[in-house]
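Only heavy atoms go into these numbers, but all of them, side chains included; no hydrogens, no water, no symmetry mates. Lettering follows sequence order; numbering is per chain, from 1.
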Number of protein chains: 2
Amino acid sequence: MTPVTRPQGGAPDGRPSATSSTSERLIESTRALLWERGYVGTSPKAILQRADAGQGSMYHHFSGKPDLALAAIRRTAEEMRAEVARLLDGPGTALDRIEAYLRRERDALKGCPVGRLTQDPDVMADPALRAPVDETFDWLRSRLTEVLAEGAARGELAAGLDPAATAASVVAVVQGGYVLARAAGAPAAFDQAVTGVLALIAGHATAGSR
Amino acid sequence: MTPVTRPQGGAPDGRPSATSSTSERLIESTRALLWERGYVGTSPKAILQRADAGQGSMYHHFSGKPDLALAAIRRTAEEMRAEVARLLDGPGTALDRIEAYLRRERDALKGCPVGRLTQDPDVMADPALRAPVDETFDWLRSRLTEVLAEGAARGELAAGLDPAATAASVVAVVQGGYVLARAAGAPAAFDQAVTGVLALIAGHATAGSR
DNA sequence: GTCTATACCTAGATAGAC
DNA sequence: GTCTATCTAGGTATAGAC
């Protein structure tokens with residue numbers, strides 16, 4: 001285990017600052033490349049160039065590409081979970097918090113760094129790499145289910161709505177919104193999908209909470 | 001142009017029958033591999049083995065990997081469009097037809113062969129390869145928008161719903177449903193997302209049409 | 001139209017010097 | 001910890017025989 005003084009030391013664009021440790025730069029570069037090009041599309045060489053490191057460094061800190069990818073995927077999953085948790089734990093009605101999640105700032109054309117991995121056959125084939133992805137969506141759906149159930153219990157939302165099914169739809173709209181935005185080459189399609197599902201849910205808000 | 005006697009001669013699993021022409025087998029094999037592994041993850045070698053063809057054949061019929069992929073992508077996009085058109089042009093209320101689209105038979109774990117391509121940087125970077133993807137989703141959204149607008153005009157659906165936004169949500173739920181299913185390793189997550197959005201829309205159906 | 005041979009580059013990893 | 005060879009396999013394409 002390497003002592004790391006700046007565990008999240010990467011710049012937001014995935015270009016690690018020159019003051020980070022080498023293993024830190026490797027992880028951040030891998031995160032950025034996995035997001036942009038996926039696992040099969042990311043070569044050790046590309047990672048090394050981006051991290052400004054040599055072959056030796058990479059194989060000193062990690063056993064190989066899968067090991068480095070695992071560190072990168074774990075960190076990405078943790079980060080996403082923390083950010084979303086903050087929004088869903090926030091104040092306001094259930095609908096407010098769902099809306100905060102749906103409308104949170106994001107680059108729709110880049111897509112979801114976790115959801116993207118589901119399209120990578122080599123990631124899905126490796127139980128270790130796939131676990132963080134599975135767990136993230138599992139957590140996300142159950143957390144949204146809780147928020148929706150809470151909304152129904154508080155009388156904010158119609159009791160007829162199935163919280164789990166609605167939660168799945170909400171997560172799916174986000175993931176599918178990215179697909180639409182990327183296909184169109186414009187983020188508007190994402191926003192439209194979000195607006196659509198929010199309007200559908202708002203239609204089930206009770207009179208008192210509107 | 002090679003005369004092709006069986007333009008759709010491939011078996012459903014992407015294992016082209018031995019009686020198809022070589023170029024036909026190449027296209028069908030490429031379609032299957034693009035679906036399974038994406039563009040970057042698909043090598044000419046893998047295509048040739050699956051199609052039981054040699055190097056020479058491939059470079060005789062196509063100028064290279066991008067050219068062959070283009071033929072494969074175009075056919076996949078056309079096929080998808082035809083299948084969905086059949087469902088949306090069918091009988092029944094707007095809600096019936098949307099449900100037919102959402103619940104059509106599919107292997108949720110395989111995902112969408114068109115939507116998958118949006119995660120392929122090399123596909124998105126090539127205008128020729130990207131065009132069929134863009135056009136497919138464009139068509140799909142506008143066709144669903146028409147169906148929803150028709151439903152509102154006929155008084156089946158509440159007039160307050162924005163047809164375009166709702167259509168985007170419906171497509172997004174499908175695409176995102178695949179992501180959830182693949183992450184979970186089980187198709188149930190897809191079904192749940194579909195059930196959720198259908199319930200939300202059904203809540204906006206007018207009393208007379210229920 | 002299809003085959004084989006060949007070519008050159010990259011992917012991914014190891015070895016050993018410093 | 002990092003560097004520079006070095007290695008084997010595969011990706012992608014061309015050349016020319018049949």
Hey, which of these two, A:Gly56 or B:Lys45, hits DNA chain D nearer its 5' end, going by closest nucleotide? A:Gly56
Quick one: is A:Thr22 getting a side-chain N or O under 4.0 Å of the D:dT2 phosphate, OP1 or OP2? yes
With DNA chain C as reference, determine whether A:Pro44 or B:Gly54 sits nearer its 5' end, using the nearest nucleotide of each. B:Gly54
From CZ of B:Phe62 over to C1' of D:dA13, roughly how many Å is that when rounded to an integer? 16 Å
For the student: nearest non-hydrogen atoms of B:Arg50 and B:Leu33, plus distance: NH1-CD2, 3.6 Å
Separation of atom CG in B:Leu33 from atom C1' in D:dT12, rounded to whole Å: 16 Å
Whole Å only: how far is the CD atom of B:Gln55 from the C1' atom of C:dT2? 12 Å
Could you tell me the separation between the OH atom of A:Tyr59 and the C1' atom of D:dA5, rounded to a whole number of Å? 15 Å
From the set C:dG1, C:dC3, C:dA11, return the single nucleotide nearest to any side-chain atom of B:Ser57. C:dC3
So do A:Leu161 and A:Leu148 actually touch side chain to side chain, heavy atoms under 4.5 Å? no
Sorted by first residue and then second, give each ring-ring contact (aromatic ring centres under 6.0 Å, His included) pair with at least one member in residues 163-197 of chain A; sequence neighbours left out. A:Tyr178-A:Phe190
How many Å lie between CG on B:Asp52 and P on C:dT2, as a whole number? 11 Å
Length of the CE-P vector between B:Met58 and C:dG1, whole Å: 17 Å
Please report, rounded to the nearest Å, how far the C1' atom of D:dT12 is from the CG atom of B:Asp67. 14 Å
Shortest side-chain distance from A:His61, nucleotide among C:dA11, C:dT2, D:dT2: D:dT2
Looking at B:Arg74, I want to see if its CZ is surrounded by more than 12 non-hydrogen atoms of other residues, nucleotides or ligands under 6.0 Å. no
Among the nucleotides C:dT2, D:dT2, D:dG11, whichever has the atom closest to the side chain of A:His60 is D:dT2
Give A:Ser63 one of three labels, base, sugar-phosphate or nothing, depending on what nucleic acid heavy atoms sit under 4.0 Å from its own. nothing
Rounded to whole Å, how long is the line connecting atom CD1 of B:Ile47 with atom C1' of D:dA13? 14 Å
Can you tell if the side chain of B:Thr195 reaches within under 4.5 Å of the side chain of B:Arg103, non-hydrogen atoms only? yes
